[in-house]
Protein chains: 2
Amino acid sequence: MKLSVRGEYALRALTVLGESPRDCVVRIQTISDRENIPKRFLEQILNELRTAGFVESRRGIAGGYRLSRAPESIPLAAVIRHLEGKLAPVGCVSEKFYERCSCPDESRCALRSVMKEVRDAIANLLENLTVADLVKRAGALRVKPDMGLDYSI
Amino acid sequence: MKLSVRGEYALRALTVLGESPRDCVVRIQTISDRENIPKRFLEQILNELRTAGFVESRRGIAGGYRLSRAPESIPLAAVIRHLEGKLAPVGCVSEKFYERCSCPDESRCALRSVMKEVRDAIANLLENLTVADLVKRAGALRVKPDMGLDYSI
DNA sequence: TTAAATTTGATTGGATTGGTCAAGATTCAC
DNA sequence: GTGAATCTTGACCAATCCAATCAAATTTAA
Ligand code: FES
Ligand code: FES
């Protein structure tokens with residue numbers, strides 16, 4: 001998996017939306033300022049997130065965006081798949097975006113068997129992490145910045 | 001991590017080289033035929049692998065390529081880093097190819113803490129797998145194709 | 001009505017990717 | 001030495017993707 005800037009922006013924007021109460025909307029400008037994201041680009045991205053069903057918007061002078069579901073039910077894997085496509089490092093081991101590759105015999109490809117493990121490791125993490133986790137971590141990091149990013153000790 | 005076709009070809013070529021005895025060379029044409037890789041493109045790739053020190057070549061009529069070290073001491077992570085760059089999904093969590101991103105405060109970025117876990121999962125796998133493992137798996141798969149790719153049961 | 005906001009889609013410049021090609025250098029068999 | 005088979009080097013190309021910008025349309029609150 002590789003996260004392009006587009007996807008990075010999207011997840012950061014979702015974090016901001018997840019941090020604010022579900023019943024009021026947040027303006028693009030606010031997100032753009034807080035997260036240091038080019039505004040025009042962010043418009044495009046939020047629009048994609050809307051058509052994908054992750055957020056909803058209100059237009060007009062008191063307009064803005066909010067999450068359209070509870071943050072706990074938006075797995076990062078779903079968001080990334082919508083914006084970037086497959087999680088797997090190669091198409092031949094992707095569950096949702098399978099693509100044949102040029103190998104003469106896929107069922108005997110050693111590389112494929114290795115890449116499948118990589119895919120599973122990535123998918124396992126990202127399927128179980130949600131926007132709610134991002135919000136939780138943001139809160140924790142606000143108190144105790146960085147700490148080597150250790151969540152495992 | 002994302003493996004481009006270039007990287008896929010490289011690893012498949014290395015598998016072929018790893019499968020043949022260390023003291024004799026394999027021609028580009030042979031690899032190209034066996035693995036179904038465009039020959040001209042493969043020339044380019046093997047050349048990169050040579051300058052990176054993974055393989056060495058003999059020219060002339062009895063020329064070809066061979067691994068320049070034991071297959072056990074060529075971790076897949078090293079190969080991929082040379083050909084594709086970082087393993088990490090985003091620059092800000094990469095060990096060898098760190099790049100700052102636009103986040104206002106990296107040390108309090110929730111997304112970063114998540115992506116670090118993804119990076120570690122990927123790196124852990126790929127640092128510990130070598131070309132020798134590819135060869136081993138290729139052998140196993142030749143006998144028992146696919147089997148759902150299960151190495152864990 | 002009007003100002004402020006999102007919506008939509010076109011467009012751009014630059015980088016990356018997958019791949020080809022030609023000319024040269026090296027080695028070995030004869 | 002000649003020639004054939006091979007690697008070496010680096011230029012080249014077309015297509016696609018990426019980050020970002022822009023303009024115009026639409027919606028809504030006040
Ligand atoms: S089948 Fe995809 S790399 Fe071999
Ligand atoms: S610091 Fe890289 S995504 Fe926030």
Side-chain angles (χ1 to χ4, degrees), chain A residues 2-13 17 24-33 35-66 68 80 83-86 89-91 97 99-102, chain B residues 1-13 17 24-33 35-68 80 83-86 89-91 97 99-102:
Chain A
K2 190 206 148 200
L3 204 61
S4 67
V5 178
R6 169 190 236 80
E8 186 193 311
Y9 289 167
L11 290 172
R12 278 159 56 193
L17 294 184
C24 63
V25 301
V26 184
R27 272 176 302 170
I28 284 187
Q29 188 66 60
T30 308
I31 305 175
S32 163
D33 289 345
E35 287 291 323
N36 195 23
I37 300 172
K39 190 186 157 197
R40 304 278 198 181
F41 197 18
L42 186 57
E43 286 177 18
Q44 193 183 112
I45 292 167
L46 283 173
N47 216 24
E48 287 175 58
L49 288 177
R50 190 178 50 84
T51 59
F54 297 117
V55 303
E56 50 193 32
S57 62
R58 228 182 46 215
R59 319 208 220 191
I61 194 164
Y65 286 88
R66 71 172 154 226
S68 61
I80 294 176
L83 265 82
E84 313 267 358
K86 56 176 172 294
V90 287
F97 298 88
E99 268 177 300
R100 227 209 113 124
C101 62
S102 71
Chain B
M1 190 218 27
K2 189 207 147 198
L3 204 60
S4 66
V5 177
R6 170 190 236 81
E8 186 193 312
Y9 288 168
L11 290 172
R12 278 159 58 192
L17 294 183
C24 62
V25 301
V26 184
R27 273 174 302 169
I28 284 186
Q29 187 67 59
T30 307
I31 304 176
S32 162
D33 290 346
E35 288 291 323
N36 194 24
I37 299 172
K39 190 186 155 196
R40 301 279 196 182
F41 197 19
L42 185 55
E43 286 177 16
Q44 194 183 112
I45 292 167
L46 283 172
N47 214 25
E48 288 174 58
L49 288 176
R50 189 177 50 84
T51 58
F54 297 116
V55 304
E56 51 194 30
S57 63
R58 231 187 40 220
R59 315 207 224 191
I61 195 164
Y65 285 89
R66 70 171 155 228
L67 296 183
S68 61
I80 294 175
L83 265 82
E84 313 266 0
K86 56 174 172 296
V90 287
F97 297 89
E99 269 177 299
R100 224 209 116 120
C101 61
S102 70

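A note on names: the letters A, B, ... follow the listed sequences, proteins ahead of strands, and every chain is numbered from 1.
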Exercise for the section: Return the value, rounded to whole Å, for the distance between atom CD1 of B/Ile37 and atom C1' of C/dT17. Expected result: 16 Å
Exercise for the section: Indicate whether OP1 or OP2 belonging to D/dT8 is found under 4.0 Å from a side-chain N or O atom of B/Ser57. Expected result: yes
Exercise for the section: Using atom CD1 of B/Ile45 as one end and atom P of D/dT8 as the other, report the distance to the nearest whole Å. Expected result: 14 Å
Exercise for the section: Give the rounded distance in Å between these two atoms: OH of B/Tyr65 and P of C/dT27. Expected result: 14 Å
Completion exercise
Here the pair of heavy atoms bringing A/Ala13 nearest to A/Leu42 is CB-CD1, 4.1 Å
Completion exercise
B/Leu42 CG to C/dC21 P, in whole Å, measures 16 Å
Exercise for the section: Report, as a single string ordered 5' to 3', how protein heavy atoms within less than 4.0 Å touch nucleotides 22-27 of chain D: B base, S sugar-phosphate only, - not at all. Expected result: BB--BB
Exercise for the section: Give the rounded distance in Å between these two atoms: CD of A/Glu56 and P of D/dT28. Expected result: 14 Å
Practice task
Could you check if a side-chain atom of B/Leu3 sits within less than 4.5 angstrom of a side-chain atom of B/Leu83, using non-hydrogen atoms only?
Solution key: no
Problem - For A/Arg40, side-chain hydrogen bond (donor to acceptor under 3.5 Å, both in side chains) partners two or more places apart - result: none
Problem - Check against side-chain contact (heavy atoms from CB on, under 4.5 Å), B/Leu49 and B/Leu46 - result: CA-CA 5 Å; B/Leu49 288 176; B/Leu46 283 172; 4.1 Å; yes
Exercise for the section: Kindly state each residue pair satisfying salt bridge (Lys or Arg N to Asp or Glu O under 4.0 Å) with at least one member in residues 46-65 of chain A, sequence neighbours excluded. Expected result: A/Arg6-A/Glu48, A/Glu56-A/Arg66
Practice task
Could you check which of D/dT8, C/dG19, D/dT21 has an atom nearest any side-chain atom of A/Phe41?
Solution key: D/dT21
Exercise for the section: Measure from CG on B/Leu46 to C1' on D/dC7 and round the result to the nearest Å. Expected result: 10 Å
Problem - Residue whose nearest DNA chain C nucleotide is more 5′ - B/Glu84 or B/Ala62 - result: B/Glu84
Handout entry: Atom-to-atom span, CD of A/Glu99 to C1' of C/dT17 - whole angstrom
Key = 14 Å
Practice task
Look at the side-chain N and O atoms of A/Tyr9 and state whether any lies under 4.0 Å from the OP1 or OP2 oxygen of D/dA20.
Solution key: yes
Practice task
Mind checking the OG-CZ spacing from B/Ser32 to B/Arg27? Nearest 0.5 Å is all I need.
Solution key: 11.5 Å
Practice task
Select from B/Arg27 and A/Ser4 the residue whose nearest nucleotide in DNA chain D is closer to the 5' end of that strand.
Solution key: B/Arg27
Practice task
Please report, rounded to the nearest Å, how far the C1' atom of D/dA5 is from the CD1 atom of B/Ile28.
Solution key: 12 Å
Exercise for the section: Might you work through the side-chain contact (heavy atoms from CB on, under 4.5 Å) test for A/Lys39 and A/Gln29, ending with a clear yes or no? Expected result: CA-CA 7 Å; A/Lys39 190 186 157 197; A/Gln29 188 66 60; 3.2 Å; yes
